[in-house]
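Below, read A as the first sequence line, B as the second, and so on, with proteins coming before strands; counting in each chain starts at 1. Because only heavy atoms are used, hydrogens play no part in the values below, and waters and symmetry mates are left out as well, while side chains stay in. From a predicted model like this one, the values you see are computed outputs, not experimental measurements.
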Number of protein chains: 2
Amino acid sequence: MQNTLSALAEPNRLQIIELLRRRPLAVGEIAVRLRLRQPQVSKHLRVLSDAGLVEVHPVAQQRIYSLRAEPFNELDAWLERYRRTVDERFDRLDDILREQKAKGEKDHGHSK
Amino acid sequence: MQNTLSALAEPNRLQIIELLRRRPLAVGEIAVRLRLRQPQVSKHLRVLSDAGLVEVHPVAQQRIYSLRAEPFNELDAWLERYRRTVDERFDRLDDILREQKAKGEKDHGHSK
DNA sequence: AGAGAATATACCTGTCAAGGAATATTCCGC
DNA sequence: GCGGAATATTCCTTGACAGGTATATTCTCT
């Protein structure tokens, strides 16, 4: 999760992911489309690969990179936990605010 | 989206978010629970706030931070685009691989 | 085996962001 | 207005990381 997020945090890497969403691509193709130099693309793909976001399929001297589903599913599951509690949170906020105010007054022995 | 991801990419910030998922908290509380120093917590909250991930509610000298739903919804929408294409991608991968191989052979005038 | 294409790695450099410590700011009660 | 609590901001230093360039690696074809 942490790895996934930091891998996606880099702008060029996010663009690579967006590119690969449409279809698997070779390194050179990615470099051309994003106007990046080949070495940097390879490096970014290394990071993405280590994070499990992409996988490689060699074809001759080319390496075709494609997305892997798992990390996206994990991200989805993580998000799910937030979706469930969004409503509660807003209700809760008022409670918390009141609670904090009450505590503050109590701490000072303010009886009215 | 980019901002959201890079804000979440920092480990301590992600932890702050996880904490706030349970309930809104004051800066000091966060610092204690995560064993961080107050200034760093304030700085992280600044980043999260700029990214629109959290909002502040002042209570006396305290500032109660709570999550905002919007960025999570955006993340969700972004993910949705990937969920839809996961299946296609795998089918497509084979096509691409064949396609690339065929192209390679064609480029060399290899007729059989 | 040798040439050349496609990709990966190594090394260097500069930048940016996070932590530490001190200080400024804001707010409350008296 | 003053003292003290809670938080924000500033300045400094350091480490990680991305880009640039050169070079190594891998594969194919002849």
Give the cluster check for A/V54 versus A/M1: same hydrophobic cluster or not, with ILVMFWY residues linked at side-chain heavy-atom distances below 4.5 Å.
yes
Rounded to whole angstroms, how far apart are CZ on B/R37 and C1' on C/dA18?
13 Å
A/I30 vs A/L20 side-chain heavy atoms within contact, under 4.5 Å
yes
By a strict heavy-atom criterion of less than 4.0 Å, which residues belonging to residues 12-19 of chain B are in contact with DNA chain C?
B/N12, B/R13
Bend of the helix from C/dA1-D/dT30 to C/dC30-D/dG1 from end-axis comparison, five pairs per end, nearest 10°, comes to 30°
Under the side chain to side chain contact (heavy atoms under 4.5 Å, CB included) test, which residues partner A/V56, sequence neighbours left out?
A/R63, A/Y65
Under the side-chain contact (heavy atoms from CB on, under 4.5 Å) criterion, do B/T4 and B/L53 qualify, and how do the steps go?
CA-CA 7 Å; B/T4 302; B/L53 279 159; 4.3 Å; yes
Quick note, B/H44 side chain, CB onward, closest among C/dA21, D/dT21, C/dA18 is C/dA18
Mind running side-chain contact (heavy atoms from CB on, under 4.5 Å) on A/D76 and B/D76 for me, showing each step along the way?
CA-CA 7 Å; A/D76 195 40; B/D76 195 40; 4.2 Å; yes
Do any side-chain atoms of residues 37-44 of chain B form donor-acceptor pairs under 3.5 angstrom with protein atoms, and if so which ones, sequence neighbours left out?
residue	atom	partner	partner atom	Å
B/Q38	NE2	B/S42	OG	3.1
B/H44	ND1	B/R13	NH1	3.3

Does the protein touch nucleotides 5-15 of chain D at the base, only the backbone, or not at all? Give it as B, S and - per nucleotide, heavy atoms under 4.0 Å.
BSBBBBB----
Taken to the nearest whole Å, CG/A/D50 to P/C/dT9 is 10 Å
Choose from C/dG20, D/dT28, C/dC28 the nucleotide whose nearest atom is closest to any side-chain atom of B/A60.
C/dC28
Going only through I, L, V, M, F, W and Y residues with side-chain contacts under 4.5 Å, is there a path from B/V47 to B/L5?
no
Could you label the plane-to-plane angle of the B/F72 and A/Y82 rings as parallel, tilted or perpendicular, counting under 30° as parallel and over 60° as perpendicular?
parallel
A/L36 has an atom CG; how far is it from atom C1' of C/dA8, in whole Å?
16 Å
Considering residues at least two apart in sequence or located in another chain, which fulfil the side chain to side chain contact (heavy atoms under 4.5 Å, CB included) criterion with B/R33?
B/L19, B/L25, B/E29
Kindly indicate, with the supporting measurements, whether the criterion side-chain contact (heavy atoms from CB on, under 4.5 Å) is fulfilled by A/L14 and B/W78.
CA-CA 12 Å; A/L14 185 56; B/W78 182 78; 3.6 Å; yes
Just how far is it from atom CZ of B/R35 to atom CG of B/N12, taken to the nearest 0.5 Å?
13.5 Å
